[in-house]
Q: 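The structure under discussion is supplied below as structure tokens; questions concerning it will follow.
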Amino acid sequence: MKSHPLFTFLYPFMVFLSVLSSSNAGDSLSSGQSISDGETLVSSGQSFELGFFSPGNSRNRFLGIWYKITPETVVWVANRNNPLADSNGTLTISNDEALVLLNQSKSVIWSSNSSGTLRNPVAQLLDSGNLVLRENSSLSSDEYSWQSFDYPSDTLLAGMNMGWNLATGLERYLSSWKSADDPSPGDYMFRLNRQGLPQWEMLLTDSVIKYRTGPWNGVQFSGASVEPSPVSKPTLIYNASEIYFTYEPPSKGVITRVTLNQSGLLQRLVYMNRSATWDIMYSTPNDLCDNYAKCGSNGFCRINKAPICNCLQGYTPKSLEEWDVLNWSSGWLLETFRVKLPDLIDFWLDKNMSLDECKAECLRNCSCVAYANSDVRGGGIGCLMWFGDLIDIREFHGVDYDQNIFIRLPASELDAIQGPNKKKRLIIIGIPPILGLFILAVAIWIICRRRRLKGRGWRSGKDNFDLPLYDFATIAAATDNFSSRNMIGQGGFGPSTRGKEIIEIMITQGNLSVDQEVAVKRLSKNSGQGLEEFMNEVILIAKLQHRNLVGLVGCCTEREERILIYEYMPNGSLDHFIFDQDKSFSLTWKIRFDIVMGIARGLLYLHQDSKLQIIHRDLKASNILLDANLNPKISDFGLARIFTGDEKEAKTSRVVGTCGYMSPEYLFNGNFSVKSDIFGFGVLLLEIISSKMNRGFCHPNHHHNLLGHAWLLWTQGRAFEILDESLYDSAIKSQVERCIHVGLLCVQKFPADRPAMSTVASMLGSEGTVLPQPKQPGFFTETSLENYNSTSNGEDYHTNSAVSITMPAGR
Ligand SMILES: *[C@@H]1O[C@H](CO)[C@@H](O)[C@H](O)[C@H]1NC(C)=O
Ligand SMILES: *[C@@H]1O[C@H](CO)[C@@H](O)[C@H](O)[C@H]1NC(C)=O
Ligand SMILES: *[C@@H]1O[C@H](CO)[C@@H](O)[C@H](O)[C@H]1NC(C)=O
Ligand SMILES: *[C@@H]1O[C@H](CO)[C@@H](O)[C@H](O)[C@H]1NC(C)=O
Ligand SMILES: *[C@@H]1O[C@H](CO)[C@@H](O)[C@H](O)[C@H]1NC(C)=O
Ligand SMILES: *[C@@H]1O[C@H](CO)[C@@H](O)[C@H](O)[C@H]1NC(C)=O
Ligand SMILES: *[C@@H]1O[C@H](CO)[C@@H](O)[C@H](O)[C@H]1NC(C)=O
Ligand SMILES: *[C@@H]1O[C@H](CO)[C@@H](O)[C@H](O)[C@H]1NC(C)=O
Ligand SMILES: *[C@@H]1O[C@H](CO)[C@@H](O)[C@H](O)[C@H]1NC(C)=O
Ligand SMILES: *[C@@H]1O[C@H](CO)[C@@H](O)[C@H](O)[C@H]1NC(C)=O
């Protein structure tokens with residue numbers, strides 16, 4: 001036997017097990033054999049173990065399967081509803097070829113559901129965690145007469161098919177444990193609803209919907225932001241015989257599962273070997289808008305707005321008198337973008353219709369209130385129509401498509417929106433009930449109709465979106481006429497340069513009809529930025545919707561003003577924390593790691609997941625803002641550059657950025673690509689770990705910057721020493737080392753050596769992956785860096801302060 005390090009670790013266990021389970025040391029049980037309490041089956045790859053256990057403080061015994069790791073984590077329970085009171089249970093294969101669990105008096109406590117046609121049955125625990133019953137002669141085949149994967153408990157493992165086998169009627173769903181001591185089915189279920197288009201629903205006590213993912217639209221569930229994640233690739237199989245969801249096993253060494261916890265949270269967890277803990281990668285429901293029908297009927301939930309419940313298109317209330325003067329007689333269709341489709345309660349589906357046919361059909365039928373494509377692939381196909389109230393709509397931005405829905409409005413609304421308001425008086429008498437419902441539905445939007453909706457400047461190509469426009473007077477009033485008392489920063493381009501001057505002012509409880517604190521960014525009139533450029537920037541930012549990007553609340557273009565209104569980040573920017581000795585220790589290692597992961601997710605979205613590929617170009621600690629919960633949000637897209645289609649790299653003669661964060665190829669040659677952002681991210685990562693600035697870093701023994709310092713320590717095997725001393729207590733050594741490693745990979749001199757953001761995110765997120773050795777970082781040998789540092793004098797460095805934002809030409 002090869003002397004593998006793992007072997008020395010496992011050896012004592014193997015002895016221990018073989019003593020206990022003299023008859024069944026292996027992974028299978030054949031007819032006539034049995035296992036009793038204390039004996040176990042272990043899968044061939046040592047991943048899972050089957051045996052008897054007592055959960056939590058309970059004394060009851062259950063037959064279950066658990067991960068063979070510390071802590072033992074149970075993933076499946078056989079006799080959930082029927083515990084054994086003592087340790088005298090046995091598992092065996094009965095005469096009628098089923099797996100049975102017997103108590104001391106040989107009564108059947110639990111039994112598998114088998115057909116009884118096996119001649120030589122064998123039960124085997126597979127390395128996937130699946131307990132299967134099959135013919136001995138066909139040990140290598142996938143034909144099982146029974147498998148535990150068909151009867152999941154609260155845990156979804158790679159390879160499980162969650163959903164329906166339409167041929168046999170078998171449904172596989174998750175149900176939470178009742179408590180940590182009791183694995184019997186608890187309050188929550190997570191099951192696939194196959195009405196119309198398949199969608200997942202989380203149900204409370206079997207009937208009340210708590211959360212749903214939204215219907216499958218050909219690419220993903222239309223409102224589930226959680227998958228795909230770096231550790232799982234989901235698939236939906238959807239044909240006449242089966243509808244199920246499954247995900248591929250993660251890369252080797254990564255241990256991950258999805259569990260429905262007892263408080264009704266569906267969580268993906270990743271096992272951290274060194275600390276022997278499970279880290280939560282995400283939890284669903286994830287925000288308030290995920291709660292089912294949070295905004296009631298016909299409400300539209302937007303997490304970045306305050307209040308979060310809006311009527312569709314962000315309309316603000318219209319006067320009540322106008323209710324009854326509306327012309328309801330014909331429909332107008334309002335297109336609303338980026339949504340999780342409403343729940344399929346009263347609907348109609350044709351998968352073969354085009355959008356135009358769908359529209360015609362909807363307009364023909366007076367109870368149709370909305371329609372959408374049922375499949376967004378290939379430009380969209382299929383027709384989904386809704387009747388009655390629209391329930392549980394939220395703003396949602398898909399991975400690389402937008403799901404749009406067309407909502408019917410009365411004709412008079414078209415006038416109000418499109419042109420001078422020719423009021424039409426029509427008194428509606430004797431409304432039929434169904435029409436009444438419809439009117440009520442639409443009326444709710446109408447009440448909330450935005451007062452003004454102007455702006456052809458708001459369209460770019462076919463990408464349409466909405467963003468509230470505010471009066472200058474409203475903003476001036478809310479900011480106390482841009483009073484310096486409210487000033488929270490003077491951003492980006494100082495008055496000394498010819499560039500745009502930005503004044504950031506904080507408003508508390510402004511008159512903006514929202515109870516939300518916002519930050520107002522007013523660009524000076526001589527900024528040199530035309531309306532079009534400004535609009536481009538606004539369009540760019542408004543299109544970006546991500547938890548880790550600062551959200552745009554509105555804007556104002558009146559009187560040649562250029563004002564952007566952002567959500568206000570009460571904790572300011574990251575640099576104020578990490579580079580400040582007094583505040584630095586308040587960011588513990590865990591918080592810092594979460595910040596790093598947040599920035600990575602935000603950047604991943606910019607680079608890959610949003611519809612446009614965006615290079616930020618000015619990633620730095622002062623552009624990372626922290627919300628009230630210290631969640632990081634990337635801000636300041638003033639320098640961002642959108643890359644079209646297959647463009648991979650661009651060159652600029654105007655090098656604009658911040659010294660210390662710019663990559664060598666960008667600083668010296670003006671070449672930039674996503675890899676320049678990776679460089680900036682690497683610098684930021686090392687700064688977060690060390691609480692020291694790259695620029696202005698100073699060490700008694702050498703003249704290198706922070707990157708050089710980290711590299712020198714790395715080559716001496718002492719990389720851990722760059723960690724800020726105040727974090728020694730809270731730090732998890734393996735995580736810190738991984739972060740330093742990833743940081744050094746990101747700041748490598750040659751762009752091609754640096755990993756892509758998706759790789760960075762998965763390297764940070766899982767301990768399983770083996771990381772390549774970093775090469776020398778950029779600027780390690782260039783002495784010219786010193787010159788750049790001194791000439792720029794610690795100020796932002798730019799050769800030309802003009803802002804370049806380029807929109808892809810309308811296609
Ligand atoms: C399968 O059958 C063969 C021969 O009948 C036997 O030697 C072997 O032990 C059986 N395997 C299991 C797992 O029972
Ligand atoms: C049954 O289990 C209990 C402990 O749970 C043990 O004390 C008792 O001796 C067992 N009975 C037999 C017959 O093994
Ligand atoms: C075994 O189970 C049967 C049926 O549940 C029950 O009546 C019997 O008392 C149990 N025997 C023991 C020893 O627990
Ligand atoms: C076995 O399957 C049948 C239908 O195939 C189902 O009605 C029955 O409840 C199942 N029994 C168990 C114990 O799963
Ligand atoms: C449905 O899909 C499954 C998995 O791809 C496949 O095995 C099965 O044959 C399909 N059934 C039909 C009717 O297409
Ligand atoms: C479910 O998960 C959440 C988030 O990790 C945790 O706060 C909560 O305590 C968990 N609930 C139970 C019952 O374990
Ligand atoms: C209501 O709208 C329809 C279609 O736009 C129009 O034909 C009709 O004249 C309008 N009714 C009134 C009273 O304005
Ligand atoms: C779908 O529509 C196309 C043309 O519109 C037609 O040729 C095809 O037969 C239709 N398929 C079904 C299943 O109705
Ligand atoms: C509207 O469509 C629904 C579903 O197809 C149908 O039941 C209803 O009769 C239609 N109503 C009219 C007026 O066409
Ligand atoms: C983590 O532990 C599991 C189980 O012991 C092992 O299979 C895996 O290879 C380990 N991964 C790393 C990176 O050590």
Q: Would you please test Q124 and D27 for side chain to side chain donor-acceptor pair (under 3.5 Å) and show each step?
A: CA-CA 6 Å; Q124 188 180 14; D27 65 350; 3.0 Å; yes
Q: Check whether the side chains of N130 and Y144 place a donor and an acceptor atom closer than 3.5 Å, and report yes or no.
A: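 Short answer, no.
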Q: To the nearest 0.5 Å, what is the distance between CG on L29 and CD on E39?
A: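 So the gap between those two atoms works out to 9.5 Å.
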Q: Side chain of D343, backbone of I345: donor and acceptor closer than 3.5 Å?
A: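 Answer holds: no.
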Q: Heavy-atom distance under 4.5 Å between the side chains of F149 and S128, does that happen here?
A: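 In short, these two side chains touch, coming nearer than 4.5 Å.
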Q: Answer yes or no: is there a donor N or O on one side and an acceptor on the other, between the side chain of Y173 and the main chain of P152, under 3.5 Å?
A: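 No; zero donor-acceptor contacts below 3.5 Å.
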Q: Scan side-chain atoms only and decide if S179 and D181 contain a donor-acceptor pair under the 3.5 Å cut-off.
A: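 On atom types as modelled, these side chains do not qualify, holding no pair under 3.5 Å.
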Q: Side chain to side chain contact (heavy atoms under 4.5 Å, CB included) with S107: which residues, sequence neighbours excluded?
A: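 Listed in chain order: N103, S105.
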Q: On a heavy-atom basis, which atom in A240 and which in L166 lie closest, and how many Å separate them?
A: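 So the two residues come closest at O-CD1, 3.3 Å.
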Q: Taking side chain as C-beta onward, heavy atoms only, is T73 less than 4.5 Å from T155?
A: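 Counting from C-beta outward, T73 and T155 never come under 4.5 Å.
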Q: To the nearest 0.5 Å, tell me how far N161 CG sits from Y244 OH.
A: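 Those atoms lie 4.5 Å apart.
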Q: Do the side chains of L341 and F347 get nearer than 4.5 Å, heavy atoms only?
A: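 F347 does not reach L341 side chain to side chain.
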Q: For the residue pair Q104 and N88, what are the closest heavy atoms and their distance?
A: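 Taking every non-hydrogen atom into account, OE1-ND2, 3.2 Å.
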Q: Determine whether a donor-acceptor pair (N or O, by modelled atom type, separation under 3.5 Å) exists between the side chain of N629 and the backbone of N631.
A: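 The answer is no, because no donor-acceptor pair under 3.5 Å joins these two groups.
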Q: Within the distance-only criterion (no hydrogens, no angle test), does the side chain of T40 pair as donor or acceptor with the backbone N or O of G51 below 3.5 angstrom?
A: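 Side chain of T40 to backbone of G51: no pair is present.
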Q: Check L260 against Y188 and note the closest heavy-atom contact, atom names and distance.
A: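 Between these two residues, the closest heavy atoms are CD2-O, 3.6 Å.
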Q: Return yes if some donor-acceptor pair links the side-chain N/O of N120 with the main-chain N/O of N136 below 3.5 Å, else return no.
A: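 Side chain of N120 to backbone of N136: no pair is present.
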Q: Can you sort out the partners of T92 under side chain to side chain contact (heavy atoms under 4.5 Å, CB included), two or more places apart, ordered by chain and number?
A: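 For T92, the residues satisfying side chain to side chain contact (heavy atoms under 4.5 Å, CB included) (neighbours in sequence not counted) are S34, V100, L102.
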Q: Determine, using ring centers only, whether Y67 and W278 are less than 6.0 Å apart.
A: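 Yes.
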Q: For the pair T90 (side chain) and I35 (backbone), establish whether a donor and an acceptor sit closer than 3.5 Å, ignoring hydrogens and angles.
A: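 Not a single qualifying donor-acceptor pair exists.
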Q: Any idea which heavy atoms bring R212 and I391 closest together, and the distance?
A: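 Scanning both residues completely, I find the closest heavy atoms to be NH2-O, 3.9 Å.
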Q: Given Y728 and L723, is the side chain to side chain contact (heavy atoms under 4.5 Å, CB included) satisfied, shown in steps?
A: CA-CA 7 Å; Y728 278 5; L723 183 70; 3.5 Å; yes
Q: Once the angle between the rings of Y605 and H546 is folded into 0 to 90°, is it parallel (under 30°), tilted (30 to 60°) or perpendicular (over 60°)?
A: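 Tilted, since the angle between the ring planes falls between 30° and 60°.
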Q: Just by distance, no angles: are the side chains of S44 and D127 close enough, under 3.5 Å, to form a donor-acceptor pair?
A: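 No, because no side-chain N or O of S44 sits under 3.5 Å from a partner of the opposite role on D127.
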Q: Between L587 and L630, does the side chain to side chain contact (heavy atoms under 4.5 Å, CB included) criterion hold? Intermediate values first, please.
A: CA-CA 9 Å; L587 290 190; L630 295 173; 4.1 Å; yes
Q: Please test R80 against S175 for side chain to side chain donor-acceptor pair (under 3.5 Å), starting from the C-alpha separation and ending with a verdict.
A: CA-CA 11 Å; R80 290 183 82 174; S175 60; 2.7 Å; yes
Q: Ignoring hydrogens and angles, tell me if any N or O in the side chain of S153 forms a donor-acceptor pair with the backbone of V77 under 3.5 Å.
A: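 Confirmed, S153 side chain pairs with V77 backbone.
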Q: Who are the disulfide (SG to SG under 2.5 Å) partners of C289, not counting sequence neighbours?
A: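 C289 satisfies disulfide (SG to SG under 2.5 Å) with C301 once adjacent residues are dropped.
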Q: Is there side-chain contact between L626 and I595, with heavy atoms separated by less than 4.5 Å?
A: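 A side-chain contact exists here, since the closest heavy-atom pair is under 4.5 Å.
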Q: Are L84 and L101 packed together at the side-chain level, in the sense that at least one heavy-atom pair is separated by less than 4.5 angstrom?
A: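 Side chain of L84 against side chain of L101, heavy atoms only: contact under 4.5 Å found.
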Q: As a quick check of understanding, evaluate side chain to side chain contact (heavy atoms under 4.5 Å, CB included) for Y247 and L156, giving each step before the final call.
A: CA-CA 9 Å; Y247 69 90; L156 170 62; 3.8 Å; yes
Q: Tell me if a side-chain donor or acceptor on S222 pairs with a main-chain N or O of N217 at a distance below 3.5 Å.
A: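 Absent.
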Q: Given 3.5 Å as the limit, does a donor-acceptor pair link the side chain of W76 with the main chain of Y151, or not?
A: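 Here the side-chain-to-backbone pair exists.
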Q: Examine the side chains of S176 and D154 and answer whether a donor and an acceptor come within less than 3.5 Å of each other.
A: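 Side-chain D/A pair, S176 to D154: absent.
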Q: Is any side-chain heavy atom of S28 less than 4.5 Å from a side-chain heavy atom of L41?
A: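 Not touching, per the 4.5 Å side-chain cut-off.
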Q: Quick one: does R61's side chain get under 4.5 Å of S54's, heavy atoms only?
A: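 Yes; the side chains approach each other to less than 4.5 Å.
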Q: Between I209 and E201, what is the shortest heavy-atom contact and its length?
A: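 For I209 versus E201, the nearest heavy atoms are CD1-OE2, 3.8 Å.
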Q: For residues N261 and T259, is any side-chain donor paired with an opposing acceptor at under 3.5 Å?
A: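 There is no such pair between these side chains.
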Q: Check whether any side-chain heavy atom of L133 lies under 4.5 Å from a side-chain heavy atom of I93, and answer yes or no.
A: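 In short, these two side chains touch, coming nearer than 4.5 Å.
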Q: Enter the distance from L604:CG to I599:CD1 here, rounded to the nearest 0.5 Å.
A: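 With rounding to 0.5 Å, CG (L604) is 13.5 Å from CD1 (I599).
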Q: What heavy-atom pair brings I732 and W589 nearest, and what distance separates the two atoms?
A: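 Looking at all heavy atoms of both residues, the shortest contact is N-CD1, 3.5 Å.
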Q: Identify, with sequence neighbours excluded, every residue that meets side chain to side chain contact (heavy atoms under 4.5 Å, CB included) alongside P285.
A: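 If we apply the side chain to side chain contact (heavy atoms under 4.5 Å, CB included) test to P285, skipping adjacent residues, the hits are M202, K210, Y211, L265, D290, N291.
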Q: Rounded to the nearest 0.5 Å, what separation is found between the CG atom of L63 and the CG atom of N82?
A: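 So the gap between those two atoms works out to 12.0 Å.
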Q: With sequence neighbours left out, which residue pairs that include part of residues 163-176 fulfil the salt bridge (charged side-chain N to carboxylate O under 4.0 Å, His left out) condition?
A: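 Sorted pair list: D150-R172, E171-R191.
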Q: Take M763 and L745 through the side chain to side chain contact (heavy atoms under 4.5 Å, CB included) test and state the conclusion after the steps.
A: CA-CA 11 Å; M763 289 193 302; L745 287 171; 3.9 Å; yes
Q: Is the side chain of E737 donor-acceptor paired with the backbone N or O of S734 at a distance under 3.5 Å, no angle test?
A: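 Flag not set: sc E737 to bb S734 has no pair under 3.5 Å.
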Q: Applying ring pair (Phe, Tyr, Trp, His ring centres under 6.0 Å), name anything that partners W164, two or more places apart in sequence or on another chain.
A: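 Expected list: none.
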Q: Can you tell me how far the CD atom of E242 sits from the CZ atom of R194, to the nearest 0.5 Å?
A: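 If I round to the nearest 0.5 Å, the distance is 12.0 Å.
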Q: Please determine, by modelled atom types, if Q267 and S283 share a side-chain donor-acceptor pair under 3.5 angstrom.
A: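 Result is yes, a qualifying pair exists.
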